[in-house]
Amino acid sequence: MPNCYAVRAMSDIIEGRQPVLEALRSGRSINRVLLASDCERGGVVAQIVALARRRSIPFEFIARKAIERQATTASHQGTIAYAAAREYHTLEDLLQLSKNKNEAPLYCIVDGLEDPHNLGAILRSADASGIHGLIIRNRREVGLTPVVAKASAGAIEYVPVARVSNINQAIEILKKNDVWVVGIEACGKTPFDKVDFTLPTAIVVGGEGDGISELARKKCDTLASIPMGGRISSLNASVAAALVMYEAFRQRRR
């Protein structure tokens with residue numbers, strides 16, 4: 001079997017069993033792995049699955065025709081991986097970064113966002129408002145794709161992003177590190193501009209459809225809302241995140 005690979009600039013795809021395996025072994029940031037459902041499950045494929053599981057990288061067995069539609073060459077061997085446009089950080093990295101800056105931690109947790117343009121816009125606002133890092137989950141959420149990189153207008157290079165397997169566990173770790181967790185929800189009783197963002201804070205923003213997941217909502221220390229004066233009941237996720245992050249920025253500049 002040829003150890004060939006291809007990387008497409010617009011979609012950052014790694015093709016072929018051995019190249020995907022080596023990418024996983026090297027520690028390269030991978031958003032997800034797709035494998036043809038009709039391929040043999042032993043050998044290299046078994047190693048790919050084991051490594052993906054060990055690194056909490058989503059993988060899926062799908063129809064070979066679906067693989068072929070996404071591949072750039074005929075040498076994909078029923079295996080492709082989507083590499084991240086930038087390396088991910090760990091939650092511990094973000095906590096250490098705040099300590100190194102000698103600043104009260106300020107993070108944004110994105111729970112269930114699927115639109116890459118929204119994530120790119122949040123990264124752009126995060127960079128401008130002094131956010132120490134973003135926290136995203138590694139399943140059912142957009143990762144650091146080339147589309148996100150483009151939408152961020154370069155901010156992806158400056159805002160660390162930690163990818164975690166469980167948002168709820170990440171919230172618990174932050175709370176153990178004395179970080180106040182503020183969820184932004186329409187049902188929040190406190191207006192967002194009344195929250196003290198000078199404290200160590202993690203701002204939680206939900207996805208486009210369902211908002212913050214129920215369990216994550218319950219784990220927040222408080223829920224804050226954005227007052228609305230029109231007939232629309234909610235804001236775009238990236239707009240809501242930008243408003244709250246800039247309020248935190250304003251308070252910390254006083």
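Only heavy atoms go into these numbers, but all of them, side chains included; no hydrogens, no water, no symmetry mates.
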Peer 1: Under a 4.5 Å side-chain heavy-atom rule over Ile, Leu, Val, Met, Phe, Trp and Tyr, are Ile212 and Ile171 clustered together?
Peer 2: yes
Peer 1: Scan residues 86-96 for pairs that pass salt bridge (Lys or Arg N to Asp or Glu O under 4.0 Å), counting only residues two or more places apart or in two chains.
Peer 2: Arg86-Glu157
Peer 1: Can you tell me if Glu172 and Asn168 form a side-chain donor-acceptor pair at under 3.5 Å?
Peer 2: no
Peer 1: Using a strict 4.0 Å threshold on nitrogen-to-oxygen distance, state whether Glu22 and Arg25 make a salt bridge.
Peer 2: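 Yes.
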Peer 1: Using every non-hydrogen atom in the two residues, find where Val159 and Gly133 come nearest and quote the distance to one decimal.
Peer 2: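 Where Val159 meets Gly133 most closely, the heavy atoms are CG1-CA, 4.3 Å.
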Peer 1: Rounded to the nearest 0.5 Å, what's the gap from CD on Gln96 to NZ on Lys101? Could you check?
Peer 2: 13.0 Å
Peer 1: Keeping Glu141 on the side-chain end and Glu114 on the backbone end, is there a donor-acceptor pair under 3.5 Å?
Peer 2: no
Peer 1: Report the residues that fulfil side-chain hydrogen bond (donor to acceptor under 3.5 Å, both in side chains) with Asp127, sequence neighbours left out, ordered by chain and then residue number.
Peer 2: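 Partners of Asp127 by the side-chain hydrogen bond (donor to acceptor under 3.5 Å, both in side chains) criterion come out as none, since no residue qualifies.
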Peer 1: Nearest 0.5 Å, please: how far is OG in Ser29 from CD1 in Ile57?
Peer 2: 8.0 Å
Peer 1: What are the two closest non-hydrogen atoms of Leu123 and Ser152, and how far apart are they?
Peer 2: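 Closest heavy-atom pair between Leu123 and Ser152: CB-CB, 4.0 Å.
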Peer 1: Under the criterion side chain to side chain contact (heavy atoms under 4.5 Å, CB included), I'd like the reasoning laid out for Val147 against Leu119: C-alpha separation, chi angles, the key distance, then a yes or no.
Peer 2: CA-CA 10 Å; Val147 176; Leu119 183 57; over 6 Å; no
Peer 1: State which residues pass side-chain contact (heavy atoms from CB on, under 4.5 Å) with Val164; sequence neighbours excluded, sorted by chain then number.
Peer 2: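 Counting only residues at least two positions away or on another chain, Val164 forms a side-chain contact (heavy atoms from CB on, under 4.5 Å) with Ile135, Ile167, Ala170.
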Peer 1: Give the other cluster members for Leu97, using side-chain heavy-atom distances under 4.5 Å between Ile, Leu, Val, Met, Phe, Trp and Tyr residues; answer none if it is isolated.
Peer 2: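 None; Leu97 is a cluster of one.
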Peer 1: Can you give me the closest heavy-atom contact between Leu144 and Tyr88, atom names plus distance?
Peer 2: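 Between these two residues, the closest heavy atoms are N-OH, 2.8 Å.
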Peer 1: With rounding to the nearest 0.5 angstrom, report the CG to CG distance, Asp111 to Leu215.
Peer 2: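 It comes to 9.5 Å.
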Peer 1: Between Ala52 and Phe59, what is the shortest heavy-atom contact and its length?
Peer 2: CB-CD2, 3.9 Å
Peer 1: Can you sort out the partners of Lys218 under salt bridge (Lys or Arg N to Asp or Glu O under 4.0 Å), two or more places apart, ordered by chain and number?
Peer 2: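 Scan of Lys218 (salt bridge (Lys or Arg N to Asp or Glu O under 4.0 Å), adjacent residues dropped) gives Glu214.
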Peer 1: How close do Ile14 and Ala23 get, heavy atom to heavy atom, and via which atoms?
Peer 2: CD1-CB, 3.8 Å
Peer 1: Can you give each donor-acceptor pair under 3.5 Å made by side-chain atoms of residues 35-43, sequence neighbours left out, with the distance rounded to 0.1 Å?
Peer 2:
unit_1, atom_1, unit_2, atom_2, d
Ser37, OG, Ile62, O, 3.3
Asp38, OD1, Arg64, NE, 3.0
Asp38, OD1, Arg64, NH2, 3.1
Asp38, OD2, Arg64, NE, 3.1
Arg41, NH2, Ser37, O, 3.1

Peer 1: When clusters are formed by joining ILVMFWY residues with side-chain heavy atoms under 4.5 Å apart, either directly or through shared neighbours, do Ile226 and Val204 land in the same one?
Peer 2: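 The answer is no; the residues belong to distinct hydrophobic clusters.
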Peer 1: Would you please name every residue forming a side-chain contact (heavy atoms from CB on, under 4.5 Å) with Gln169, sequence neighbours left out?
Peer 2: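 Partners of Gln169 under the side-chain contact (heavy atoms from CB on, under 4.5 Å) test: Asn166.
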Peer 1: Output, in order, the C-alpha distance, side-chain angles, deciding distance and verdict of side-chain hydrogen bond (donor to acceptor under 3.5 Å, both in side chains) for Thr72 and Glu15.
Peer 2: CA-CA 8 Å; Thr72 60; Glu15 301 180 15; 2.5 Å; yes
Peer 1: Of Ile156, Val148, Ile136, which is the lone residue that meets side chain to side chain contact (heavy atoms under 4.5 Å, CB included) with Val161?
Peer 2: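 When Ile156, Val148, Ile136 are each tested with Val161, the side chain to side chain contact (heavy atoms under 4.5 Å, CB included) holds only for Ile136.
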Peer 1: Same cluster or not: Leu21 versus Val33, using hydrophobic residues (I, L, V, M, F, W, Y) connected whenever any side-chain heavy atoms lie under 4.5 Å apart?
Peer 2: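 Looking at the clustering, Val33 is in the same group as Leu21.
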Peer 1: Between the main-chain N or O of Arg17 and the side-chain N or O of Gln77, is there a donor-acceptor pair closer than 3.5 Å?
Peer 2: yes
Peer 1: Might you point out which heavy atoms bring Pro146 and Ala85 nearest each other, and give the distance in Å?
Peer 2: N-CB, 4.0 Å
Peer 1: Among all residues two or more places apart in sequence or in another chain, which pass the salt bridge (Lys or Arg N to Asp or Glu O under 4.0 Å) test with Asp221?
Peer 2: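 Expected list: Lys175.
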Peer 1: Quick check: is Leu91 connected to Val110 through a chain of hydrophobic side chains (ILVMFWY, heavy atoms under 4.5 Å apart)?
Peer 2: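 Different clusters.
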Peer 1: Identify each donor-acceptor pair in which a side-chain atom of residues 102-109 lies under 3.5 Å from a protein atom, sequence neighbours left out, and give them as a table.
Peer 2:
unit_1, atom_1, unit_2, atom_2, d
Glu103, OE1, His132, NE2, 2.7
Tyr107, OH, Leu94, O, 3.0
Tyr107, OH, Ser98, OG, 2.8

Peer 1: Among pairs that include at least one residue of residues 244-253, which meet salt bridge (Lys or Arg N to Asp or Glu O under 4.0 Å), considering only residues two or more places apart or in two chains?
Peer 2: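 Counting only pairs at least two positions apart or across chains, the salt bridge (Lys or Arg N to Asp or Glu O under 4.0 Å) contacts touching residues 244-253 are Glu247-Arg250.
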Peer 1: Counting N and O atoms only, with roles assigned by atom type, does the side chain of Asn177 sit under 3.5 Å from a partner on the main chain of Val179, one being a donor and the other an acceptor?
Peer 2: no
Peer 1: Can you confirm whether more than 12 heavy atoms, excluding those of Tyr246, are under 6.0 Å from its OH atom?
Peer 2: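 Count over threshold, so yes.
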Peer 1: Give, for atom NE2 of His76 and atom CG of Leu34, the distance between the pair rounded to the nearest 0.5 Å.
Peer 2: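 Reported value, rounded in 0.5 Å steps: 11.5 Å.
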Peer 1: Kindly compute the distance separating CG (Asp196) from OG1 (Thr201), expressed to the nearest 0.5 Å.
Peer 2: 7.0 Å
Peer 1: Could you state the interatomic distance from CZ (Phe192) to CG (Leu223), rounded to the nearest 0.5 Å?
Peer 2: 15.0 Å
Peer 1: For Ser225, which residues count as a side-chain contact (heavy atoms from CB on, under 4.5 Å) partner, sequence neighbours excluded?
Peer 2: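 Ser225: no side-chain contact (heavy atoms from CB on, under 4.5 Å) contacts found.
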Peer 1: One pair to check against side chain to side chain contact (heavy atoms under 4.5 Å, CB included): Glu185 and Arg217. What are the steps and the verdict?
Peer 2: CA-CA 9 Å; Glu185 281 278 279; Arg217 190 184 303 117; 2.8 Å; yes
Peer 1: Among residues at least two apart in sequence or on other chains, which ones pass salt bridge (Lys or Arg N to Asp or Glu O under 4.0 Å) with Arg32?
Peer 2: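 Partners of Arg32 under the salt bridge (Lys or Arg N to Asp or Glu O under 4.0 Å) test: none.
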Peer 1: Find out if a path of hydrophobic residues (ILVMFWY) with successive side-chain heavy-atom gaps under 4.5 Å connects Val205 to Leu134.
Peer 2: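 Cluster IDs for Val205 and Leu134 match.
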